[in-house]
Amino acid sequence: QVQLVESGGGLVQPGGSLRLSCAASGSIVSIYAMGWYRQAPGKQRELVAAITSGGNLDYANSVKGRFTISRDNAKNTVYLQMNSLKPEDTAVYFCKANAMVRGSASYGDYWGQGTQVTVSA
């Protein structure tokens, strides 16, 4: 259906930066929205940032002013520029796409496998 591959995670010191990428592939007809979620061990997955194909944005309050989400609709790719990283940002970051695939009459949610982001001195 839809395959989402995240990249760009790693270990970074507090105050550092990382840029995550997520490329969607498969039998995609269209993607309405893409976003980034994160989940720390033992905690619930939470929205970090999301963007629609029209450019509407949504950020978690904890990352406003530090993270920037962007997308290349033609490439079905979404990015997350993370600046001024804090230890609290440590989590597995998952990419999600709300997409319609060939053979389907509606949109559905698809998830990547996640990429680890660790912020530690």
Side-chain angles (χ1 to χ4, degrees):
Q1 291 181 310
V2 177
Q3 295 80 48
L4 300 173
V5 180
E6 303 102 331
S7 62
L11 175 64
V12 65
Q13 293 184 338
S17 298
L18 287 173
R19 189 180 192 232
L20 305 183
S21 299
C22 173
S25 62
S27 301
I28 300 170
V29 175
S30 64
I31 298 177
Y32 172 68
M34 298 185 76
W36 291 95
Y37 295 72
R38 65 188 181 187
Q39 187 169 23
K43 294 187 176 181
Q44 197 159 349
R45 190 172 300 184
E46 64 176 354
L47 172 72
V48 177
I51 186 168
T52 69
S53 59
N56 293 322
L57 304 171
D58 191 17
Y59 290 98
N61 288 332
S62 60
V63 307
K64 287 182 179 178
R66 300 188 298 120
F67 292 8
T68 302
I69 190 169
S70 61
R71 80 280 183 268
D72 186 333
N73 290 335
K75 296 180 179 180
N76 290 330
T77 300
V78 66
Y79 307 93
L80 185 68
Q81 179 66 46
M82 304 186 294
N83 299 325
S84 302
L85 283 162
K86 304 175 181 179
E88 304 94 286
D89 297 318
T90 296
V92 177
Y93 283 69
F94 296 90
C95 177
K96 188 193 82 172
N98 185 246
M100 181 179 291
V101 299
R102 295 186 183 91
S104 176
S106 62
Y107 285 82
D109 289 337
Y110 300 88
W111 293 87
Q113 293 186 355
T115 184
Q116 177 71 46
V117 172
T118 302
V119 185
S120 179

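Sequence positions, counted from 1, serve as the residue numbers for this chain. Only heavy atoms go into these numbers, but all of them, side chains included; no hydrogens, no water, no symmetry mates.
Think of Y37 as one node in a network of Ile, Leu, Val, Met, Phe, Trp and Tyr side chains linked at under 4.5 Å; its network also takes in L47, V92, F94, W111.
At least one donor-acceptor pair under 3.5 Å links the side chain of Y59 to the backbone N or O of I69. Between the side chain of Q81 and the backbone N or O of T68, no donor-acceptor pair lies under 3.5 Å.
V78 and M100 end up in different hydrophobic clusters when Ile, Leu, Val, Met, Phe, Trp and Tyr side chains are linked at under 4.5 Å. A single hydrophobic cluster is seen to contain both Y93 and L57, as judged by linkage of ILVMFWY side chains at heavy-atom distances under 4.5 Å, directly or through other members. V63 and Y79 end up in different hydrophobic clusters when Ile, Leu, Val, Met, Phe, Trp and Tyr side chains are linked at under 4.5 Å.
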Practice task
Before giving the answer on side-chain contact (heavy atoms from CB on, under 4.5 Å), spell out for T90 and S120 the whole-Å C-alpha distance, their side-chain angles and the decisive distance to 0.1 Å.
Solution key: CA-CA 8 Å; T90 296; S120 179; 5.9 Å; no

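Contact detail for R38 and A91: the closest heavy-atom pair is CB-CB, 3.7 Å. Across all non-hydrogen atoms, the minimal contact from K43 to Q39 is O-NE2, 2.9 Å.
Under the side chain to side chain donor-acceptor pair (under 3.5 Å) criterion, T118 pairs with Q116, not counting sequence neighbours.
Two residues are said to be in side-chain contact when any heavy atoms from C-beta on lie closer than 4.5 Å; M82 and D89 fail this criterion.
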Acceptor/donor pairs from residues 14-35 side chains to any protein atom, 3.5 angstrom cut, sequence neighbours excluded:
residue: S17; atom: OG; partner: N83; partner atom: OD1; Å: 2.8
residue: S30; atom: OG; partner: Y107; partner atom: OH; Å: 2.6

